[in-house]
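Heavy-atom basis, side chains included; hydrogens, waters and symmetry copies ignored.
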Amino acid sequence: MRRPGRLRRGSDKLGHLLLGMSLFGALACGRADLPPEPADSAPPTVRVFIAEEGVYHLETKAWGRLRPGVETRLSAQVAGVVTRVSSRLYPGEIIAAGDSLARIDPRDYQLAVVQLEASLAAAELHWHQERAEAQAAEAEWQARRALDTAEAEASPHHELATRRPQLKAAEARLEAARAALEKARLDLSRTQLTAPYSAWITARLVEPGQYLRVGDPIAELQSTEFLEARLPVSSRHLKWIERNPKEARVVLSPQDQPESAVLGIAQPERIEPQIDPETGLGHLVVRLVPETRPDGTPLNPLARAGALVAARIVLEQPRRGFWIPRAALLAESSVLVLGQAGALERRDIQIGADRDTWLAVSSGLQDGDRVCYSPPSWATDGMLIEPLPMDTEDLYALVGSRPPAALEPFESSAVAPNSELLADPLDAHPEPTPHISQGQSTLTTWSVDQDGETLRVHVSGDRIGDPQLFALEQPHRWVADLRGSSWPHAPDVEILDAGPFRRARLAQFNHDPPIARVVIELDRAIPPPVIEVGPQGVVIVFGAPP
């Protein structure tokens, strides 16, 4: 039997619940109609700097590995027992073209030459006999022709009667004997195994007493003449290299060393036609010709096959553009510019060069634009801000460095190539060492005087010894090493434009032992210079005296 009291109490609770839900809904709807609370109307403060048009060089970076320009597994071309192996046939040794590496027992090949010389003599005798008989038969035929011309001309036996087939066979036998003798002499020469070019030995694969068959390897060689680097580069950068191949320069440096430790400067050798399907990158191949000592070893021990290198690829001709700090990027290729009304404008830009904390903008900015430095992530196009102007020095201090190139107006800037780019291979730029040990020379000044085809380089300093001179190619250069001398300044470059001379440079090449280096870059080879050493310094005269 149901109890009415308990039923009424349940109904009351349900009614209270429904009444509470109705009141909550009414309050929520009323809240939507309430006016919003007043917000802070002051615009945010953002640092801005002035974009000033200047010059930059199109450039990009890549990383790769040096590989030998020519690599050979030298093999035997004749069979035989090895009777001698060169004492220099060991990995790490450098050999010159034509150096003997090993020798195969030549006696069998010497005997073959003697036998074939006899065969050639017999073939020559047979040919002389056949020629004499053919001449006699021809004379007899001509005599018969004089008696009965019609019969002589109509005879089908003229070739046989004059012994022409026999003479052709004797000539063929003679040529075969000569070819066989030449082949025997060639085989005899091949018993002497020589280096085909100047090379590093990377593997020794033969020992005395070993029997070699034709094709058996004896050594592995790598050319010392040049190295190649295969560099992955984006398609965008490959396009401007293809359009301006003569302007392109590639500065190669050790990957784990500062960029100033230059291995060499090269021009693009070729662009490979394939694109890597995984990375979408093409490959630029550059050739590096390392400077070497007289014995063939490289001056820089890092300029060897297998070394990891960083490459700075640059077009030497300056372009118009704007250096901006990387912190100014809003996204991958856009910045925020302050408009006339104080509102932000988003600008899409194109980047022509990337130098760590600085970017060169080739398009998208105008001279005088006010660019936001480090815009906040929530900044949007059309947003009002309170600009905090920065001058040039404030900007440099905030970034922590200056732009890679002087940001001068394009019309008045020097169009001469970047002196930093023209650093000589192996010209390192470390901080000068203040300590000069006893007996060494400290260089004080240098000057370059040019008179047409004559160039005088005067380097001042005490205790300067005779310079060590050597010529280089690709490009043509004369290098003078002042051993025991220190140049306590930054590298100094003079741009020349007359006669064969293009540039002159003085820099510290090495600190221990100290070597200051003078490099004269040329557009063609010239005779060795004349050196005058005095108590006040050294004078190097290139070309004819004025």
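I218 is not listed as a side-chain neighbour of R73, based on a closest heavy-atom distance of 4.5 Å or more. Residues L388 and V46 fail the side-chain proximity criterion, which asks for heavy atoms closer than 4.5 Å. The shortest side-chain heavy-atom distance between L395 and P325 falls under the 4.5 Å cut-off. Taking 4.5 Å as the limit, every side-chain heavy atom of F542 sits out of range of all side-chain heavy atoms of P500. Side-chain contact between I520 and L455: present, with at least one pair of heavy atoms (C-beta onward) separated by less than 4.5 Å. Side chains of I526 and F501 form a contact here, defined as non-hydrogen atoms less than 4.5 Å apart. Looking at heavy atoms from C-beta onward, L263 lies out of side-chain contact with S253 at the 4.5 angstrom threshold. Considering only heavy atoms from C-beta on, F226 stays 4.5 Å or farther from P68 through its side chain.
Ion pairing between a basic and an acidic side chain is recognised when a charged N comes within 4.0 Å of a carboxylate O; R230 and E272 show such pairing. Looking at D492 and R505, no side-chain N of the basic residue comes within less than 4.0 Å of a carboxylate O on the acidic one, giving no salt bridge. Comment: R47 does not engage E386 in a salt bridge, judged by the lack of any side-chain N to carboxylate O separation of less than 4.0 angstrom. One finds no salt bridge joining R370 and E345 here, because no Lys/Arg side-chain nitrogen approaches an Asp/Glu carboxylate oxygen to under 4.0 Å. With salt bridges taken as basic N to acidic carboxylate O contacts below 4.0 Å, one links E269 and R287. A salt bridge is defined here as a Lys NZ or Arg NE, NH1 or NH2 lying under 4.0 Å from an Asp or Glu carboxylate O, and E228 with R67 meets this definition.
Atom CZ of residue R326 and atom OG1 of residue T357 lie 8.0 Å apart, to the nearest 0.5 angstrom. Atoms CZ and CG, on R65 and L227 in that order, are 13.0 Å from each other to the nearest 0.5 Å. Note that CZ of R503 is 9.0 Å distant from CG of L496, once rounded to the nearest 0.5 Å. Once rounded to the nearest 0.5 Å, the distance linking OG1 of T194 with CG of L74 reads 7.5 Å. If you take CG on D367 and CZ on R320, they are separated by 10.5 Å, rounding to the nearest 0.5 Å.
For the residue pair S334 and R346, a side-chain donor N or O sits within less than 3.5 Å of a side-chain acceptor on the partner. Residues Y396 and R402 have side chains that never bring a donor and an acceptor to within less than 3.5 angstrom of each other. One side chain, S100 or R84, offers a donor N or O that lies under 3.5 Å from an acceptor on the other. In this structure, a donor-acceptor pair under 3.5 Å is absent between the side chains of T224 and Y197.
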Steps toward side-chain contact (heavy atoms from CB on, under 4.5 Å) verdict (W200, L221):
CA-CA 6 Å; W200 289 94; L221 312 177; over 6 Å; no

side-chain contact (heavy atoms from CB on, under 4.5 Å) between V70 and T72, worked out:
CA-CA 7 Å; V70 179; T72 304; 4.0 Å; yes

Take L344 and V337 through the test side-chain contact (heavy atoms from CB on, under 4.5 Å) and record every step on the way to the result.
CA-CA 6 Å; L344 295 179; V337 176; over 6 Å; no

I would like to know whether R319 and E53 meet salt bridge (Lys or Arg N to Asp or Glu O under 4.0 Å); could you show each step before the answer?
CA-CA 10 Å; R319 265 76 176 172; E53 188 177 30; over 6 Å; no

side-chain contact (heavy atoms from CB on, under 4.5 Å) evaluation trace for Q210 with E207:
CA-CA 6 Å; Q210 182 178 344; E207 298 296 338; 4.3 Å; yes

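The 12-atom threshold is not exceeded at CD of E182, counting heavy atoms of other residues, nucleotides or ligands nearer than 6.0 Å. Around the CZ atom of R524, the shell of radius 6.0 Å holds more than 12 heavy atoms that belong to other residues, nucleotides or ligands.
When every heavy atom of I265 is checked against every heavy atom of L288, the shortest pair comes out as N-CD1, 4.5 Å. Nearest heavy-atom pair across P232 and L281 is CB-CD1, 3.9 Å. Closest heavy-atom contact between A62 and L231: CB-CB, 3.9 Å. Nearest approach of P268 to L284, heavy atoms of both residues: CB-CD1, 3.6 Å. Shortest non-hydrogen contact noted between P375 and L336 is CB-CD1, 3.8 Å. The two residues A305 and Q222 have their closest heavy-atom pair at CB-OE1, 3.5 Å.
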